[in-house]
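As structure tokens, the structure follows; a few thoughts come after it.
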Amino acid sequence: MKALLQQQLNTIIAELQYPAIDINFDTPKMEAHGDLTSNAALLLAKTVGKNPRQVAQSIVERLKIDDSFLSAVEIAGPGFINFRFSTKYVVEQATKILKEYHSFGKSQAGNGKKTNLEWVSANPTGLLHAGHGRQVLIGQVIGNLLEWTGHDVTREYYFNNAGNQMRTLAESIYARYRQELGDDYPLPDEGYKGEYITDIAKEIIAAKGDTLKQTDEERTYFKRYGEEWCFKKIKLTLARLNVKHDVFYNEDSLYTTGKITEVIEEFKKKDLAYDSEGAVWFRATKFGADKDRVIVKSTGEPTYRLPDIAYHREKFRRGFELIVDIFGADHIATIPDVLNGVNALGYDTKDVKVIIHQMVSFVNGDEIVKMSKRNAKTYTLDDLIDEVGVDAVAYFFVMRSVGTHLEFDIALAKEQSDKNPVYYLQYAHARIASILRHAATAEIHVDDVATLLATTDFSLIKEKEEIDLLKKLLAFPEIVKSCAFSFEPHRLTTYLREVAETFHRFYHEHRVINDDKQLMQARLTVCLMTKIVIANGCKILSVSCPEKM
RNA sequence: GAUCCCGUAGCUCAAUUGGAUAGAGCAACAGCCUUCUAAGCUGUAGGUUCCGCGUUCGAUUCGCGGCGGGAUCACCA
């Protein structure tokens with residue numbers, strides 16, 4: 001429809017000898033403004049030197065209106081051209097929801113673009129804490145959105161199992177190990193204080209007894225055991241949220257394959273790096289930073305910036321055309337350096353999309369929930385899932401735009417009532433499922449879509465609430481696309497809420513199960529279409545949609 | 001002090017990425033269940049979109065300057 005109108009408007013504009021412009025259509029916010037609107041006349045008015053309403057008038061006069069598509073074309077406000085769809089057109093379009101069913105909403109807009117999505121990437125030194133949930137789910141939903149829009153997505157988890165943090169992990173476990181064996185052995189100053197460290201130590205005692213009291217300098221056994229233990233837990237937590245990464249990329253491989261030194265040498269050759277005070281520095285000031293950054297410490301160990309740069313170069317080398325990184329706001333300072341570094345190596349950073357999400361705070365009703373890392377009792381993501389359930393976790397973490405601080409109300413999330421937005425959506429789905437069960441007893445079987453399409457008199461769908469609902473449902477593919485291309489998953493939750501709302505209104509106004517079997521069948525298809533859209537949307541959100549509540 | 005994010009109804013947040021009369025949910029008030037799930041629906045009330053200037057047909061959205069909140073500013077990741 002858009003393409004058709006666009007073509008027509010373009011020809012008319014050419015006929016009128018107006019300058020060619022990009023014609024786009026919006027869906028008006030207000031119902032009175034029709035189903036599609038174009039601001040073409042407003043854009044033309046200035047260059048043409050006419051009143052925008054006159055411009056609109058001259059365009060509309062030449063428009064050939066096919067009334068099987070459009071019921072009205074109006075000029076409104078300062079010069080908008082508003083189009084209103086015919087009922088027939090809307091209903092006809094809606095049948096494709098049934099035809100496409102589980103894939104309604106999918107598109108090939110991404111053209112199979114090879115896409116790397118990297119997120120979570122927590123090092124195996126501990127458990128995922130509740131705050132990690134935001135990143136976990138933003139990434140999960142963005143991954144799903146990219147797949148629904150025809151991107152070839154590789155889900156990647158980047159980790160570092162060497163360096164300071166792992167040493168600290170090993171020392172911490174060792175200290176607890178000694179303590180559990182009754183020795184007076186202190187936890188290192190910067191050691192991990194979490195209870196899980198003691199759990200790990202106890203496991204090691206169970207397996208090895210006190211035979212590891214004398215270990216090598218590197219605490220190799222403790223390091224490896226701790227890493228495996230943490231990774232196992234992290235993966236289990238992710239699995240509860242249906243998150244599965246395709247690739248676990250080990251930072252260490254960048255060293256063993258020489259990628260790190262390669263980057264240093266290349267930087268030095270381009271005079272982007274230099275030696276000073278025993279360290280190697282990156283000329284960040286050349287890119288507008290306030291000071292240069294150390295990329296190799298005087299100890300010989302690189303700082304995180306260097307491997308990050310090398311890693312991103314490897315992503316390009318691996319053939320990815322779109323690179324998506326998701327970071328929390330606490331990592332914001334490092335991003336410019338990495339992008340500048342990658343850029344200096346000759347890659348176009350416009351293909352790197354960095355999504356920075358703001359932090360999460362937790363409240364329990366009126367009470368602020370503290371979750372300091374220093375505290376021994378951390379509130380883990382598992383704890384949160386245990387407390388409020390998978391669906392609430394999945395929904396709540398993506399329901400706000402990534403750029404805004406998220407307040408997660410635990411009391412609200414676990415409340416099984418109308419206050420909780422997850423239930424509003426799931427309730428709509430369950431309600432539909434219930435209606436469809438009634439239909440089965442009336443011998444209409446909605447699971448046979450082919451028969452349904454062949455035998456339903458769709459012209460019986462004509463009530464305002466039905467048409468409003470179908471229009472809303474038909475917007476789904478566009479919503480999926482715009483969420484995917486803007487990397488804004490929260491808009492999907494907003495949209496699905498609107499779908500549920502529009503459905504509830506329809507339900508309230510019109511009985512589905514009734515004596516007029518033809519009418520009942522027509523309305524059942526409306527219900528089924530709604531169910532399909534909610535189910536597909538929930539699938540993208542990783543939220544379940546129950547048949548009964 | 002610098003950089004980035006945010007500031008919208010009493011509270012939590014939307015706003016089709018520059019569009020028309022700024023919308024939802026909670027909370028408040030008033031209604032709606034002998035009929036398909038009331039975990040629902042309808043109505044009322046609630047606003048100087050932090051302030052100021054600018055850009056233009058048009059600004060919550062873009063630019064500049066303030067104010068307020070958060071994050072970051074390591075030879076930690």
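Naming: A, B, ... by sequence-line order, numbering from 1 per chain.
Here the nucleotide nearest the side chain of A:V294, chosen from B:U72, B:C75, B:U56, is B:C75. Checking B:A24, B:C73, B:U37 against the side-chain heavy atoms of A:E501 singles out B:A24 as nearest. Here B:A77 is the nucleotide among B:U12, B:A77, B:A20 with the atom lying nearest to any side-chain atom of A:N123. Closest to the side chain of A:L43, from the set B:C57, B:U37, B:U16, is B:C57. Considering only side-chain atoms of A:Y427, the nucleotide from B:A20, B:C36, B:G40 that sits closest is B:G40. Distances were taken from every side-chain heavy atom of A:H504 (C-beta onward) to each of B:G40, B:C36, B:U12; the shortest belongs to B:G40.
As rounded to the nearest Å, B:C53 and B:U60 have P atoms that lie 14 Å from one another. The separation of B:G7 from B:A14, taken at their P atoms, amounts to 8 Å, rounded to a whole angstrom. Nucleotides B:G47 and B:U42, compared at atom P, are 22 Å apart to the nearest Å. Using P as the reference atom, B:G46 and B:U61 are 24 Å apart when rounded to the nearest Å. Comparing the P positions of B:C67 and B:C51 gives a spacing of 15 Å, expressed to the nearest Å.
Contact annotation: A:H438 reaches the phosphate of B:U37 (side-chain N/O to OP1 or OP2, under 4.0 Å). Considering only side-chain N and O atoms, A:Y507 lies under 4.0 angstrom from the phosphate OP1 or OP2 of B:A38. Of the side-chain N and O atoms in A:K419, one or more sit less than 4.0 angstrom from OP1 or OP2 of B:A27. Taking only side-chain nitrogens and oxygens, A:K29 never comes nearer than 4.0 Å to OP1 or OP2 of B:A14. Taking only side-chain nitrogens and oxygens, A:R505 comes nearer than 4.0 Å to OP1 or OP2 of B:U42. For A:H490, a side-chain nitrogen or oxygen approaches OP1 or OP2 of B:A15 to under 4.0 Å. Using a 4.0 Å cut-off, no side-chain N or O of A:T303 falls inside it from OP1 or OP2 of B:A77. For A:K291 and B:A2, the shortest distance from a side-chain N or O to OP1 or OP2 is not below 4.0 Å.
When heavy atoms are screened at a 4.0 angstrom cut-off, A:S361 is found touching no nucleic acid atom at all. A:E415 comes within 4.0 angstrom of nothing in the nucleic acid, heavy atoms only.
A donor and an acceptor atom sit less than 3.5 Å apart, one in the side chain of A:N39 and one in the base of B:G19. Counting distance only, with no hydrogens placed and no angle test, the side-chain atoms of A:E509 and the base atoms of B:C41 include no donor-acceptor pair under 3.5 Å. Side-chain atoms of A:T494 stay outside donor-acceptor range of the base of B:A24, with no qualifying N/O pair under 3.5 Å. No N or O donor and acceptor, one from the side chain of A:T404 and one from the base of B:C6, sit under 3.5 Å apart. In the interface, the side chain of A:N82 is paired with the base of B:A20 through a donor and an acceptor atom under 3.5 Å apart.
Between A:Y274 and A:W281, the angle of the ring planes stays under 30°, which puts this pair in the parallel group of the 30/60° scheme.
By the 4.0 Å N-to-carboxylate-O rule, A:R84 lies too far from A:D35 to be salt-bridged with it. Salt bridge present: A:E501 and A:R497 bring a charged side-chain N and a carboxylate O closer than 4.0 Å. Salt bridge present: A:K315 and A:E118 bring a charged side-chain N and a carboxylate O closer than 4.0 Å. At a threshold of 4.0 Å, the pair A:K464-A:D468 counts as salt-bridged, since one of the basic side-chain nitrogens sits closer than that to a carboxylate oxygen. Of the charged side-chain nitrogens involved, none lies within less than 4.0 Å of a carboxylate oxygen, so that A:D337 and A:R283 do not count as a salt-bridged pair.
An anti base is found at B:C6: its glycosidic angle is more than 90° from 0.
Nearest-nucleotide positions on RNA chain B for A:Y304 and A:T27 put A:T27 closer to the 5' end. Between A:T37 and A:M359, the one whose closest nucleotide on RNA chain B sits nearer the 5' end is A:T37.
Residue ring and nucleobase are stacked for A:H33 and B:A20, with a centre distance beneath 5.5 angstrom and an angle between planes beneath 30°. Residue-nucleotide stacking is present for A:F80 and B:A20, judged by a side-chain ring centre under 5.5 Å from the six-membered base ring centre and planes under 30° apart.
The minimum heavy-atom distance linking A:N420 with A:A413 is given by the pair ND2-O, 2.9 Å.
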